Amino acid sequence: NLSEKLDKALHVLKGHGQITEINVAETTKEVRRALLDADVNFKIAKEFTNKVKEKALGSDVLTTLQPGQLMVKIVKDELTALMGGETEGINLSGKPTIVLMSGLQGSGKTTFSGKLANFLKNKKSKNPLLVACDVYRPAAIDQLHVVGGQINVEVYSDKENNDPVAIAQAGIVQAKANGNDVVIIDTAGRLAVDEKMMAEISNIHKAIEPQETLFVVDAMTGQDAVNTAKAFNDILNFDGVILTKLDGDTRGGAAISIKSVVDKPIKFIGTGEKMEAIDVFHPSRMAERILG
Amino acid sequence: VAGKSKVDDDVLDNLEEVLVSSDVGVDTTLKIIDRIEARVSKDKYLGTDELNVILREEIAGLLSETHLGEETEYNIPKDKKPYVIMVVGVNGAGKTTTIGKLAHQFKKQGLKVVLGAADTFRAAAIDQLQVWADRVDVPIVRQDMGSDPASVAFDTLSSAVTQDADVVIIDTAGRLHNKVNLMNELTKVKRVMQKVVADTPNEVLLVLDGSTGQNAFEQAKQFTKATEVTSLAITKLDGTAKGGVVIGISDQFKIPVKYIGVGEGIEDLQVFNKIEFVDSFFN
Ligand SMILES: Nc1nc2c(ncn2[C@@H]2O[C@H](COP(=O)(O)OP(=O)(O)OP(=O)(O)O)[C@@H](O)[C@H]2O)c(=O)[nH]1
Ligand SMILES: Nc1nc2c(ncn2[C@@H]2O[C@H](COP(=O)(O)OP(=O)(O)OP(=O)(O)O)[C@@H](O)[C@H]2O)c(=O)[nH]1
Ligand SMILES: [Mg+2]
Ligand SMILES: [Mg+2]
């Protein structure tokens, strides 16, 4: 594991007391390698490792810990700080609160829409409405209805309408009429390079002015995470990130890449296919996972 | 890698960045760079074109061949009837969509195709495959949500034999490879097929999302353990992701990449072309 590898690289230090420029080079190589294996973006892994190197240089390595362990602690603390800060919840202002889901194909938006509705209903005593704005994917609207049925939350859809902006607006009108205090808008998956589809979600966003825009990302995403996160953020200025499928064994370095490049909080994680499989994001737990 | 340059550390560092940034992974990248260094004694001057040729040859060399050599069309061995393809992979990778596209290509060749809706778990999964069956105009075998996927696979193969079908494609539920009970379920679905037609499935197609990182190696490992994966499909290459993970996977597990997904439409499937794939890394 990383701690043992760093111990080996740093063994030269034992009896010397301090981490110096010469022996830190080998250890930063191991740290960078560990981050790349964990899918952290290439450039970000480099920048991050340099920051760790600066923290490590001159630090007293023989006080209480093995040198390798101290290095790992420095890395873990830096990762936690990068992803950390206060755990941020959903912005529940607005009458009703409007939440807009966005993200690439298959990332877990429809499933998370249900999980969020279920969470707000059970934990925040809200009365949510799900709105089906994916007019493209075969049976996407049916999927959201099944999800709504599983959690006993109403779903607004209009199979005759192929304009997601109009559907979203109509969903909000119904919410106001029926006393729903949260409206969760599920949208189609889309590529950041698909101009037409990015224009569509921008139009939905402008038309409904959501309190909360969420970018849903698959935790096993590799190097491309920075490109898509940046593109979506440039167009939507989203409020938070949702990291899904963390019940898998992927290290999840995309979390670091995304946080570094857009500096938006990771609000929730998906930990399974069932509606209860939602959890608040814990930066230190994520840091440990990334380090393997 | 532009201009007539010395194959020095700068060139190799730049190459490392290009490959790792394409999800090739550190191990495979180092393997490729070692092979290039072995072929080009360092500090020898090489033109851009020469270095690029060597680079592309080394990458292509790691990509396994299919048994039929370079695929140029959607081929089915004539001696296997029905030819049964089981499609597996993690959640959201693009299995159901790929099946729709593949069924369309086989039908275009005049083959009789039957689909099996063995994802009996996920919300509206059966309805989703039904839409594709209707679009392609092929029969589909389905049961209720919550039924046993092995039972659906069994029914599909029985029905395919009765209909004298040429190709059967079985859709399965997405599942994470670290879930032992779900992987065991897949092994069972595979085993049950053999009760209807010996030596099936003839092909186990693992679908990988083109933007997946290094976890794809573990996916290939665990799905192979559960079902002996025979071929790979990589989807969503119409985005900015490069899909570099398939190089190391193909090399390590000796599994050829057969298809790539380049969009959400019925025609958005291509037979894998090594040269075009390697070229895409440098565009
Ligand atoms: N294991 C696991 N599976 C998940 C999780 N979240 C979603 N899924 C599964 O991932 C697959 C895709 O989920 P969807 O909700 O359909 O994804 P989507 O973003 O709406 O997909 P598109 O609408 O096609 O873009 C489904 O099989 C879900 O059950 C999670 O946290 N863990
Ligand atoms: N852009 C693009 N999208 C794709 C491609 N292949 C599939 N998709 C989309 O990816 C999403 C997921 O596709 P599915 O076919 O439902 O994936 P799946 O593996 O069957 O998902 P589960 O059954 O939930 O595990 C859908 O929105 C598809 O339209 C592709 O090649 N390019
Ligand atoms: Mg969806
Ligand atoms: Mg599916």
Side-chain angles (χ1 to χ4, degrees), chain A residues 32-34 36-43 45-46 104-111 114 136-150 188-194 217-228 231 244-245 247-254 270 272-273, chain B residues 16-27 29-30 90-97 100 121-132 134-135 145 173-179 182 209-216 218-219 222 235-236 238-245 261 263-264:
Chain A
R32 192 175 78 101
R33 170 87 201 237
L36 292 177
D37 287 345
D39 289 324
V40 175
N41 177 268
F42 187 90
K43 288 201 173 77
K46 219 174 193 175
L104 268 66
Q105 289 88 346
S107 60
K109 298 173 292 301
T110 303
T111 305
Y136 308 97
R137 170 173 154 153
I141 296 174
D142 296 334
Q143 184 185 1
L144 194 63
H145 275 285
V146 173
V147 163
Q150 288 171 349
R190 67 204 65 225
L191 294 176
V193 291
D194 186 334
V217 181
D218 190 324
M220 55 185 120
T221 308
Q223 298 287 312
D224 198 47
V226 289
N227 302 329
T228 56
T244 63
K245 308 177 202 173
D247 45 321
D249 56 11
T250 191
R251 303 260 293 274
E273 294 193 71
Chain B
E16 182 197 23
E17 178 164 356
V18 168
L19 294 177
V20 172
S21 299
S22 305
D23 285 321
V24 173
V26 179
D27 280 340
T29 295
L30 293 178
V90 300
N91 307 73
K95 298 176 290 302
T96 305
T97 306
F121 172 77
R122 205 209 70 210
I126 299 169
D127 300 315
Q128 184 185 4
L129 190 64
Q130 180 72 59
V131 172
W132 279 105
D134 296 343
R135 274 182 189 173
M145 185 175 166
R175 68 204 64 219
L176 294 181
H177 50 282
N178 56 330
K179 310 222 161 164
L182 296 183
D209 183 318
S211 64
T212 306
Q214 299 308 301
N215 193 243
E218 197 57 26
Q219 292 175 26
Q222 298 304 335
T235 61
K236 309 176 198 172
D238 43 320
T240 45
K242 300 290 188 178
V245 291
E264 302 185 72

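Here is how names work: the chains are called A, B, and so on, in the same order as the sequence lines, proteins then strands, and each is numbered from 1. All values derive from a computational prediction rather than experimental measurement.
When every heavy atom of B:Ala124 is checked against every heavy atom of A:Ala139, the shortest pair comes out as CB-O, 3.8 Å. Scanning both residues, B:Ala123 and A:Val147, for their nearest heavy atoms gives CB-CG2, 4.3 Å.
B:Leu30 touches chain A through its side chain: at least one heavy atom from C-beta onward sits under 4.5 Å away, while N, CA, C and O do not. Within the 4.5 angstrom heavy-atom criterion, only side-chain atoms of B:Glu264, from C-beta onward, approach chain A. Neither the backbone nor the side chain of B:Val245 has a heavy atom closer than 4.5 Å to any heavy atom of chain A. Only the side chain of A:Asn227 comes within contact range of chain B, with at least one heavy atom under 4.5 Å from a heavy atom of that chain. Looking at A:Asn41, neither its backbone nor its side chain comes within 4.5 Å of chain B, counting heavy atoms on both sides. With a 4.5 angstrom heavy-atom cutoff, B:Lys242 does not touch chain A via any of its atoms. Looking at A:Glu273, only its side chain comes within 4.5 Å of chain B, counting heavy atoms on both sides.
Remark: B:Gln219 CD to A:Thr250 OG1 distance equals 8.0 Å, nearest 0.5 Å. Interatomic distance, CG of A:Leu191 versus OG1 of B:Thr240, reported as 8.0 Å (0.5 Å rounding). If you take CG on B:Asp238 and CD on A:Gln105, they are separated by 7.0 Å, rounding to the nearest 0.5 Å. With values rounded to the nearest 0.5 angstrom, B:Asn215 atom CG is found 12.0 Å from A:Asp37 atom CG. Going from atom CG of B:Asp209 over to atom OG1 of A:Thr221 covers 7.0 Å, rounded to the nearest 0.5 Å. One distance of note links OG1 of B:Thr212 with CG of A:Asp218; it measures 6.5 Å at 0.5 Å rounding.
Contacts of B:Glu16 classified as salt bridge (Lys or Arg N to Asp or Glu O under 4.0 Å), with partners at least two apart in sequence or in another chain: A:Arg32. Taking the salt bridge (Lys or Arg N to Asp or Glu O under 4.0 Å) definition, one finds that A:Arg251 meets it with nothing, sequence neighbours left out.
Between A:Asp247 and B:Lys179, the closest side-chain pair of non-hydrogen atoms falls below 4.5 Å.
The main-chain N or O of B:Gln128 is never found under 3.5 Å from a side-chain atom of A:Asp142 such that the two would form a donor-acceptor pair.
Comparing A:Pro138, A:Gly108, A:Ala38 by heavy-atom pairs within less than 4.5 Å of chain B, the highest count is held by A:Pro138. For chain A, the option among B:Val131, B:Thr96, B:Ile126 with the highest count of heavy-atom pairs below 4.5 Å is B:Val131. Counting heavy-atom pairs closer than 4.5 Å to chain A, the top-ranked of the candidates B:Glu17, B:His177, B:Glu218 is B:Glu17. Contact tally against chain A (heavy-atom pairs below 4.5 Å) for B:Asp127, B:Val20, B:Val90: the top residue is B:Val20.
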>> Assess the residue pair A:Asp224 and B:Lys236 against the criterion (side chain to side chain contact (heavy atoms under 4.5 Å, CB included)); give the C-alpha distance rounded to whole Å, side-chain angles, the decisive distance to 0.1 Å, and a yes or no.
In response: CA-CA 12 Å; A:Asp224 198 47; B:Lys236 309 176 198 172; over 6 Å; no

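Contact check on B:Asp27 versus A:Arg33 returns a salt bridge, with a Lys/Arg side-chain nitrogen under 4.0 Å from an Asp/Glu carboxylate oxygen.
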